Amino acid sequence: MSEVAIAKKAAIVEEITEKFSAAASAVIVDYRGLTVEQVTELRKQLRDANVEMKVIKNSILVRAAEKAGLNGLEEVFSGPTAVAFSNEDVVAPAKIIDEFAKTADKLEIKGGIIEGKVASIEEITALAKLPNRDGLLSMLLSVLQAPVRNVAYAVKAVAEKEDEVA
């Protein structure tokens, strides 16, 4: 192999290593059997959620995972492999891919990475069932508003009772 080709592969390995290290989560899938339209639709849904999906050679993925300190992914990197990287939302790639897999039987989750740790298929599936960032923020806001809302109801009830007495 020429030195130029080796340098290009080394640069790609370095790029993927950085993506693994920077990712809040990454989901590794086997996309074999999907139509071009299905892959395009999946990429669009992921892109809309600021998730990047790349099809990468397994040998490059193995080297990049080793450099990033992610051990235990070697058996996952076999067959056609695509990786969805998210730097912001931990839940987004798992949720989108899990939902998409319900309509596209051929899409198979092989594993992933959650905040720098190797995750099993079960962990990725469990992550997909969690609400996304906006949903979690909404739940938090609701919890924070509850005491204020209860005080408001109590004040209103006291005011109404005083109006009835008067």
Side-chain angles (χ1 to χ4, degrees), residues 8-147:
K8 283 183 181 177
K9 285 188 179 185
I12 293 171
V13 168
E14 195 59 40
E15 176 191 348
I16 301 305
T17 302
E18 289 174 18
K19 287 189 181 297
F20 277 140
S21 298
S25 69
V27 178
I28 303 159
V29 297
D30 181 344
Y31 62 93
R32 183 182 11 216
L34 292 182
T35 65
V36 173
E37 291 82 18
Q38 288 174 316
V39 172
T40 303
E41 178 59 27
L42 177 59
R43 282 182 184 266
K44 180 188 176 305
Q45 288 179 21
L46 290 168
R47 193 173 34 250
D48 289 345
N50 291 326
V51 177
E52 179 184 13
M53 182 172 149
K54 285 188 160 289
V55 175
I56 308 164
K57 290 178 75 171
N58 291 321
S59 59
I60 291 173
L61 286 170
V62 168
R63 287 188 187 116
E66 285 175 3
K67 280 185 91 172
L70 300 168
N71 300 321
L73 287 172
E74 294 79 20
E75 65 273 359
V76 173
F77 298 136
S78 62
T81 304
V83 184
F85 298 98
S86 175
N87 293 343
E88 300 166 5
D89 191 352
V90 176
V91 179
K95 184 176 273 314
I96 293 167
I97 290 172
D98 188 59
E99 283 297 316
F100 195 85
K102 290 176 183 173
T103 59
D105 296 338
K106 304 286 184 186
L107 184 65
E108 177 187 336
I109 297 173
K110 300 197 298 187
I113 301 158
I114 301 172
E115 295 184 342
K117 301 207 179 359
V118 175
S120 67
I121 298 168
E122 294 78 21
E123 291 170 320
I124 297 294
T125 307
L127 182 65
K129 291 179 180 17
L130 292 175
N132 63 9
R133 183 177 187 277
D134 292 338
L136 289 172
L137 288 174
S138 173
M139 292 167 110
L140 176 64
L141 184 61
S142 177
V143 167
L144 293 175
Q145 285 180 334

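Note that the coordinates shown come from a computational prediction; the quantities given were computed from them, not determined experimentally. When reading the values below, keep in mind they use all heavy atoms of this one structure, side chains included, and skip hydrogens, waters and symmetry mates. Numbers here simply count residues along the sequence, with the first being 1.
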Rounded to the nearest 0.5 Å, the CG atom of Leu73 sits from the CD1 atom of Ile28 at a distance of 5.0 Å

Quiz prompt | Donor-acceptor under 3.5 Å (Asn58 side chain, Gly79 main chain) | solution = yes

Item to complete: Please assess Ile114 against Ile124 for the test side chain to side chain contact (heavy atoms under 4.5 Å, CB included), listing each intermediate value before the final yes or no.
Response: CA-CA 8 Å; Ile114 301 172; Ile124 297 294; 4.1 Å; yes

Can you tell me if Lys110 uses its side chain to pair, donor with acceptor, with the backbone of Val76 under 3.5 Å?
yes

Correct closest heavy-atom pair for Ala94 and Val27 would be N-CG2, 3.7 Å

Nearest heavy-atom contact between Leu34 and Val39 is CB-CG2, 3.8 Å

Practice item. State plainly whether the residues Glu14 and Lys67 are in salt-bridge range, i.e. N to O under 4.0 Å. Key: yes

Rounded to the nearest 0.5 angstrom, the CZ-CD1 distance for Phe77 and Ile56 is 8.0 Å

Nearest heavy-atom contact between Ala82 and Tyr31 is CB-CD2, 3.8 Å

CD (Glu41) and OG1 (Thr35) are apart, to the nearest 0.5 Å, by 10.0 Å

- Message: Looking at Glu99 and Lys102, is any side-chain nitrogen of the basic one under 4.0 Å from a carboxylate oxygen of the acidic one?
- Response: yes

Would Leu61 and Phe20 count as a side chain to side chain contact (heavy atoms under 4.5 Å, CB included) here? Give the steps.
CA-CA 10 Å; Leu61 286 170; Phe20 277 140; 3.9 Å; yes

Heavy atoms of Ala104 and Gln38 approach each other most closely as CB-NE2, 3.7 Å

d(Asn50 CG, Glu88 CD) to nearest 0.5 Å is 4.5 Å

Flag, side chain of Lys19 to backbone of Ala26, donor-acceptor distance under 3.5 Å: no

All heavy atoms of Gly111 vs all of Ile121, minimum pair found to be N-CG1, 4.1 Å

CD of Glu66 to CG of Asn71, rounded to nearest 0.5 Å, is 7.5 Å

OG1 of Thr81 to CG of Asp30, rounded to nearest 0.5 Å, is 6.5 Å

In short, Val51 meets Ala84 closest at the heavy-atom pair CG1-CB, 3.8 Å

For this session: Show your reasoning for whether side chain to side chain contact (heavy atoms under 4.5 Å, CB included) applies to Glu123 and Lys117.
Result: CA-CA 11 Å; Glu123 291 170 320; Lys117 301 207 179 359; over 6 Å; no

query: Arg47 and Lys44: side chain to side chain contact (heavy atoms under 4.5 Å, CB included), yes or no, with the steps?
result: CA-CA 5 Å; Arg47 193 173 34 250; Lys44 180 188 176 305; 3.9 Å; yes

